[in-house]
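Below is a structure I'd like to ask you about.
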Amino acid sequence: MCTGACSKFIAIPLYILALVSMICNIILFFPDFDTKYAAAEGQITEEVKYMGGFIGGGIMVLIPAIHIHLTSAKNCCANRCGMFLSIGFAAAGVLGAVYSLSAAALGLSNGPTCFWSNILSPIPKWGTPFANSSGSYLSDKDQWSWCRVPENVVEFNVGLFSTLLVAACLELVLCAIQMVNGLFGCICGTCGPNFS
């Protein structure tokens, strides 16, 4: 496969993954699909405010994806210089993916912010009941009932943070592949007849 064709093959999934990351991060601001939690102080999971999916997995991957896609265009950046620049852009995408991955992993590990109570803490209060559980709440669905409000917030957060985690892993792999592809394109040239 030519380095330009490989760039196109990498860029298109990056567009989709960046869009998925941005949408997941925005939706996380509205647990139970209600805006009242976003408007109130201390009722949104802290890791959502890091904007890992929007900034890291979204914008910091979308901009490199555009340049990577342009390296496959016939009269634009499909030359050694364009491929060299794609290495730097792909490295920025790797950084964005790592940031998104870190924020999503923290969000899964600490669990959601909710109005909760349990046997040991019978007075309901806002907080993160699973913050010190090292993620063990993920395998114990009985603990999920500790969160009273927003309804089904644990499932909501686990689903969206897991999606962010998977998207960030795929973005990381694709950007790393593009760094290698860009190196080959820079050293060997692109395989188009007039683009080396």
(message) Test your reading of the model: is there a side-chain donor-acceptor pair from Ser145 to the backbone of Asp142, 3.5 Å cut-off?
(response)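 Flag set: sc Ser145 to bb Asp142 pair under 3.5 Å.
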(request) Determine whether more than 12 heavy atoms belonging to other residues, nucleotides or ligands lie under 6.0 Å from atom CG of Asn132. (result)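 Open: at most 12 neighbouring heavy atoms sit under 6.0 Å from CG of Asn132.
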(message) Main chain of Tyr50, side chain of Tyr99: is a donor-acceptor contact present, judged purely on distance under 3.5 Å?
(response)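 Here the side-chain-to-backbone pair exists.
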(message) Test your reading of the model: is there a side-chain donor-acceptor pair from Ser21 to the backbone of Leu164, 3.5 Å cut-off?
(response)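 Pair absent, no side-chain N/O of Ser21 close to backbone of Leu164.
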(request) Give the C-alpha distance, both sets of side-chain angles, the deciding distance and a yes or no for side-chain contact (heavy atoms from CB on, under 4.5 Å) between Phe33 and Ile27. (result) CA-CA 8 Å; Phe33 300 104; Ile27 292 173; 3.9 Å; yes
(message) I need the minimum non-hydrogen distance between Cys147 and Val153, along with the two atoms involved.
(response)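 Closest approach of Cys147 to Val153: CB-CG1, 3.9 Å.
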(message) I need the minimum non-hydrogen distance between Glu171 and Gly57, along with the two atoms involved.
(response)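 Closest approach of Glu171 to Gly57, heavy atoms only: OE2-O, 2.7 Å.
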(message) I'd like to know if Phe54 and Leu62 are part of one continuous hydrophobic network [Ile/Leu/Val/Met/Phe/Trp/Tyr, side-chain heavy atoms within less than 4.5 Å].
(response)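 In one cluster: no.
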(message) Count I, L, V, M, F, W, Y as connected when their side-chain heavy atoms are under 4.5 Å apart, and connections chain through other members. Are Met179 and Ile12 then in the same cluster?
(response)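 The answer is no; the residues belong to distinct hydrophobic clusters.
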(request) Supply the atom-to-atom distance Phe156 CZ to Thr45 OG1, rounded to the nearest 0.5 angstrom. (result)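 The distance works out to 9.0 Å.
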(message) With rounding to the nearest 0.5 angstrom, report the CD1 to CD distance, Ile87 to Gln178.
(response)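 It comes to 8.5 Å.
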(message) Looking at Phe29, I want to see if its CZ is surrounded by more than 12 non-hydrogen atoms of other residues, nucleotides or ligands under 6.0 Å.
(response)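 Yes, the 6.0 Å shell around CZ holds more than 12 heavy atoms from other groups.
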(message) Please enumerate all residues that pass disulfide (SG to SG under 2.5 Å) together with Cys24, with sequence neighbours excluded.
(response)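 Once residues adjacent in sequence are excluded, Cys24 has no partner under the disulfide (SG to SG under 2.5 Å) criterion.
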(request) Kindly give the heavy-atom pair with the smallest separation between Ala168 and Leu101, and that separation in Å. (result)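 Where Ala168 meets Leu101 most closely, the heavy atoms are CB-N, 3.6 Å.
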(message) Using a 3.5 Å distance criterion without hydrogens, assess whether the side chain of Ser121 forms a donor-acceptor pair with backbone atoms of Asn118.
(response)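 Not a single qualifying donor-acceptor pair exists.
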(request) Would you mind listing every ring-ring contact (aromatic ring centres under 6.0 Å, His included) that reaches into residues 107-136, with sequence neighbours excluded? (result)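 ring-ring contact (aromatic ring centres under 6.0 Å, His included) check on residues 107-136 returns Phe115-Trp126, Phe130-Tyr137, Phe130-Trp146.
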(request) Report yes if some heavy atom in the side chain of Ile66 is under 4.5 Å from a heavy atom in the side chain of Tyr15; otherwise report no. (result)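 Side-chain contact under 4.5 Å: yes.
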(request) Apply side chain to side chain donor-acceptor pair (under 3.5 Å) to the pair Glu47 and Asn110, showing each step before the final yes or no. (result) CA-CA 9 Å; Glu47 291 77 15; Asn110 292 336; 2.7 Å; yes
(message) What I'd like to find out is whether the side chain of His67 reaches to under 4.5 Å of the side chain of Ile63, using heavy atoms alone.
(response)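 No; the side chains remain at least 4.5 Å from each other.
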(request) Measure the shortest side-chain to side-chain distance between Ile187 and Met83 over non-hydrogen atoms and say whether it is less than 4.5 angstrom. (result)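 No, every pair of side-chain atoms sits at 4.5 Å or beyond.
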(request) Might you work through the side-chain contact (heavy atoms from CB on, under 4.5 Å) test for Tyr37 and Val149, ending with a clear yes or no? (result) CA-CA 10 Å; Tyr37 304 109; Val149 174; 3.2 Å; yes
(message) Can you tell me how far apart CE (Met51) and NZ (Lys49) are? Round to the nearest 0.5 Å.
(response)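 If we round to the nearest 0.5 Å, Met51:CE and Lys49:NZ are 12.0 Å apart.
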(message) Contact between Leu106 and Ser102 at the side-chain level, heavy atoms closer than 4.5 Å - yes or no?
(response)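 A side-chain contact under 4.5 Å is absent here.
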(message) Please say yes or no: joined through hydrophobic side-chain contacts below 4.5 Å, possibly via intermediate residues, are Phe89 and Val98 part of one cluster?
(response)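 The answer is no; the residues belong to distinct hydrophobic clusters.
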(message) Looking at every non-hydrogen atom in both residues, tell me the closest pair between Pro31 and Pro150 and how far apart they are.
(response)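 Scanning both residues, the minimum pair turns out to be CB-CG, 3.7 Å.
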(request) Over all heavy atoms of both residues, which pair between Ala97 and Leu172 is shortest? Give the atoms and the distance, please. (result)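 Heavy-atom minimum between the residues: CB-N, 3.7 Å.
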(request) Give a yes or no answer on whether the side chain of Ser100 reaches the backbone of Gly96 with a donor-acceptor pair at less than 3.5 Å. (result)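 Flag not set: sc Ser100 to bb Gly96 has no pair under 3.5 Å.
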(request) Find out whether Phe161 and Val48 are in side-chain contact, i.e. whether some heavy atom of one side chain is under 4.5 Å from a heavy atom of the other. (result)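 In contact.
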(request) State the CG-CG distance between Leu160 and Leu108, to the nearest 0.5 angstrom. (result)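 Atom-to-atom, Leu160:CG and Leu108:CG are 10.0 Å apart.
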(request) With rounding to the nearest 0.5 Å, note down the distance linking CE in Met22 to CG in Leu17. (result)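 The CG atom of Leu17 is 13.0 Å from CE of Met22, to the nearest 0.5 Å.
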(message) According to a hydrophobic-cluster definition based on side-chain heavy atoms being under 4.5 Å apart (Ile, Leu, Val, Met, Phe, Trp, Tyr only), do Val20 and Val158 belong together?
(response)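 No: no chain of side-chain contacts under 4.5 Å links Val20 to Val158.
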(request) Give the minimum heavy-atom separation between Asn157 and Pro112, together with the two atoms involved. (result)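 Asn157 and Pro112 have their closest heavy atoms at ND2-CB, 3.2 Å.
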(request) Tell me whether Val166 is reachable from Val61 by hopping between hydrophobic residues (I, L, V, M, F, W, Y) whose side-chain heavy atoms are closer than 4.5 Å. (result)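 Looking at the clustering, Val166 is in the same group as Val61.
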(request) Can you measure from OG (Ser117) to NZ (Lys125) and round to the nearest 0.5 angstrom? (result)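 One finds 9.5 Å between OG of Ser117 and NZ of Lys125.
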(message) Closer than 3.5 angstrom, by distance alone: can the side chain of Ser109 be matched with the main-chain N or O of Ala105 as a donor-acceptor pair?
(response)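 Side chain of Ser109 to backbone of Ala105, a donor-acceptor pair under 3.5 Å: no, none is there.
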